[in-house]
There are 2 protein chains.
Amino acid sequence: MSSTVFVVETPKSWQAGPLNIRPRTGPGSDPAKAHRERLTTDRIVDEALEQMREVGYDGVTMRSIARALDTGPASLYAHVANREELDQLVVDRIASEVRIPEPDPDRWDEQIKEMMRAALTTYRAYPGAARATMAIIPTGYGALRNAEGLMALCRAGNVPDQAAAWFGDLISLYIGAVAVEEAIWSERAKVHADADPERVVAAVTSYFAELPADEFPMLSSLASVMTAGVGDDRFEFGLAVLVAGLKSYSETARVAESEAGGR
Amino acid sequence: MSSTVFVVETPKSWQAGPLNIRPRTGPGSDPAKAHRERLTTDRIVDEALEQMREVGYDGVTMRSIARALDTGPASLYAHVANREELDQLVVDRIASEVRIPEPDPDRWDEQIKEMMRAALTTYRAYPGAARATMAIIPTGYGALRNAEGLMALCRAGNVPDQAAAWFGDLISLYIGAVAVEEAIWSERAKVHADADPERVVAAVTSYFAELPADEFPMLSSLASVMTAGVGDDRFEFGLAVLVAGLKSYSETARVAESEAGGR
DNA sequence: ACCTGAACACCGTTCAAGT
DNA sequence: ACCTGAACACCGTTCAAGT
């Protein structure tokens, strides 16, 4: 019966608003002297997010956050139950950044794409945060807000409620996965300093090209096709496929179709 | 120039074949006396996979694998470069389990779905292995084999090569994400012993139902719709959307469409 | 109520030394 | 070439004690 199963528990950061990264120094002009700012859940989430941007998911630890906040790791546990809850809060902060459009029946499909682009953009600003999505089930305020917004857009497009609900799940999984994949590449680029994106793509392309042609006839002959569109083209294709697939569930499409078939 | 950037390096387990989990005891009848079997990359991967099934991704460590193999953690590093490479090998073993159908132009779309169902089924057999996918870019033999097979199916469906290539990326991200999400639920079910799936769904449903109706009119009124289809219905919907979206790129569909429009 | 130091029970990885 | 013990530099989390 207890709702702790879902680790939702309406966190205090619900009212948090925009990402609002504050400067690291204390309130006074002498940061060494000024007694440290009081610890809050928000400050912990801010710091986690900031570090995920700088060093990726694996680089952020309870201890690294505590260090930056000039305290010990144990102190964090007064505001955050554990690492999993912190991941929840981080993901929810990112979800909260996505602007939710007023549904317009004439361009509901394009509005869905806009929401998705906005979500990916925010993830891109904080590589590393994406991995946090994969460690939790997003059920915080921001995630619910987005789900509500998406449902409303789908209804504007005459998509049946069940399809809309499942579509929300589908698309948020897709965006999370894309963000994680991009984060892996960007972390790898940091390690291998020689890896400017262009060179990497070229190298992967020739890796495909050199696969044994008898076993991999398509991959080897289509090497450049396989690695094309690392940037937005690939993602735009994904959006297009998903939204096109969703439209096949739209009631208006169904009606038009059955009319065409019926005569 | 060095291909180490991609951590592919044609692992010895290429020929590995089926999952082939062997019994834990040594070759002799007295496991304590029999000198330990020689360590191999395959045995390490087997053990990692087995543990991922039993205890999930986080429970599997270099040390836990070494312990089960009756040796110290340092010994593993003679056969596996690091944890990331091990994850690569684990994922690739799973990818290798997927049967690749002979393309049939009459049911290429259904064949794609069959491949995807098979992939998810294998992930489900090893919850935890899914999280490994999210830590790497799959480029091993098994993953390439699947990509090649998918490209062939797409060609049988007259899907342009570029669309096919991107679709392969899209669908493998989706399946990985679904598998990860399912693994999270199943791990959570293990911790909260009270959580048989039915109760959990009921609890989540009432969580949605009790959301403030003014802020979440759709989520609160559609609670049971939001949580419906936790099993295969949801996944089948995803497959249907993706394949329907893909078909809108098929040349034959395009021709039929332009013919209909052109007259 | 919030914060702290110190400790517990772990990690991945390296490295000199053995066979 | 393969394996080992011991060590290094970390983890998340707990807990009694302080304010």
Side-chain angles (χ1 to χ4, degrees), chain A residues 4 7 9 11-13 26 34-45 47-48 51-52 54-90 128 131-132 134-136 184 187-188 191, chain B residues 4 7 9 11-13 26 34-45 47-48 51-52 54-90 128 131-132 134-136 184 187-188 191:
Chain A
T4 58
V7 201
E9 294 300 304
K12 298 149 206 165
S13 53
H35 59 80
R36 292 194 302 286
E37 250 180 286
R38 232 156 171 297
L39 225 45
T40 64
T41 305
D42 268 355
R43 289 187 66 218
I44 293 169
V45 175
E47 183 58 39
Q51 290 191 15
M52 283 183 184
E54 285 164 9
V55 297
Y57 185 78
D58 286 324
V60 183
T61 67
M62 290 299 200
R63 297 176 111 99
S64 73
I65 294 166
R67 212 148 40 222
L69 259 25
D70 208 9
T71 181
S75 304
L76 305 181
Y77 288 83
H79 301 92
V80 169
N82 49 36
R83 176 66 201 252
E84 187 179 341
E85 188 179 295
L86 179 56
D87 281 344
Q88 279 272 11
L89 295 172
V90 163
R131 278 268 296 281
M134 292 296 155
I136 59 151
I184 295 174
E187 274 176 45
R188 194 170 291 180
V191 176
Chain B
T4 57
V7 201
E9 294 299 303
K12 296 150 208 163
S13 54
H35 59 79
R36 293 195 300 287
E37 246 180 290
R38 235 161 168 292
L39 225 46
T40 63
T41 306
D42 269 354
R43 290 186 64 217
I44 294 169
V45 175
E47 183 59 39
Q51 291 192 14
M52 283 184 183
E54 286 164 8
V55 297
Y57 185 79
D58 286 326
V60 183
T61 68
M62 289 300 201
R63 294 175 113 99
S64 73
I65 294 166
R67 211 148 40 223
L69 259 24
D70 207 11
T71 181
S75 303
L76 305 182
Y77 288 83
H79 302 92
V80 169
N82 49 38
R83 176 69 200 250
E84 188 181 338
E85 189 180 295
L86 179 57
D87 281 343
Q88 280 272 8
L89 295 173
V90 164
R131 278 268 296 281
M134 292 295 156
I136 58 152
I184 295 174
E187 275 176 45
R188 194 170 291 181
V191 176

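Quick caveat: nothing in here was measured; it's all calculated off a predicted structure. Numbers restart at 1 for each chain; the letters A, B, ... are given by sequence-line order, proteins then strands.
Taken to the nearest 0.5 Å, the CG atom of D87(B) stands 12.5 Å off from the CE atom of M134(B). Distance check, rounded to the nearest 0.5 Å: CG of L39(B) to NE2 of H79(B) gives 5.0 Å. M62(A) contributes atom CE, which lies 8.0 Å from atom CD1 of I44(A) (distance to the nearest 0.5 angstrom).
Screening residues 55-64 of chain A for salt bridge (charged side-chain N to carboxylate O under 4.0 Å, His left out) gives D58(A)-R131(A) as the qualifying pairs, with residues at least two apart or on separate chains.
Annotation for S64(B) and G59(B): closest pair OG-O, 3.7 Å, computed over non-hydrogen atoms.
Contact check of residues 58-67 of chain B against DNA chain C (heavy atom, cut-off under 4.0 Å) returns T61(B), M62(B), R63(B), R67(B).
The side chain of H79(B) places no N or O atom within less than 4.0 Å of a non-bridging phosphate oxygen (OP1 or OP2) of dA1(D).
T40(A) meets the side chain to side chain contact (heavy atoms under 4.5 Å, CB included) test with D42(A), R43(A); sequence neighbours excluded. With sequence neighbours left out, I184(B) forms a side chain to side chain contact (heavy atoms under 4.5 Å, CB included) with I137(A), V180(B), R188(B).
Contact annotation: the side chain of I65(B) approaches that of L86(B) to within less than 4.5 Å [non-hydrogen atoms, C-beta and beyond]. Between V90(B) and Y57(B), every side-chain heavy-atom pair lies at or beyond the 4.5 Å cut-off. E85(B) is not listed as a side-chain neighbour of T41(B), based on a closest heavy-atom distance of 4.5 Å or more.
The separation between L76(B) atom CG and dG12(C) atom P is 10 Å, rounded to whole Å. The CZ-P distance, from R38(A) to dA1(C), rounds to 12 Å in whole Å. Across the protein-nucleic acid pair, D70(B) atom CG and dC2(D) atom P stand 20 Å apart, rounded to whole Å. For the pair I44(A) CD1 and dC3(C) C1', the computed distance is 11 Å after rounding to whole Å. When rounded to the nearest whole Å, the span between CZ of R43(B) and P of dC3(D) equals 9 Å. Atom CZ in R83(B) sits about 9 Å away from atom P in dT13(C), given to the nearest Å.
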Distances under 3.5 Å between protein N/O atoms and the N/O atoms of nucleotides 14-19 of chain D, please, pair by pair.
none

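Straight-line distance between the C1' atoms of dA7(C) and dC11(D): roughly 14 Å, to the nearest whole Å.
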(message) Let's test your reading of the pairing rules: Watson-Crick or G-U wobble, both distances under 3.5 Å, then write DNA chain C as a dot-bracket string with ( ), [ ], | and dots.
(response) ||.|||||...|||||.||
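Residues Q51(A) and E47(A) have side chains that bring a donor and an acceptor to within less than 3.5 angstrom of each other.
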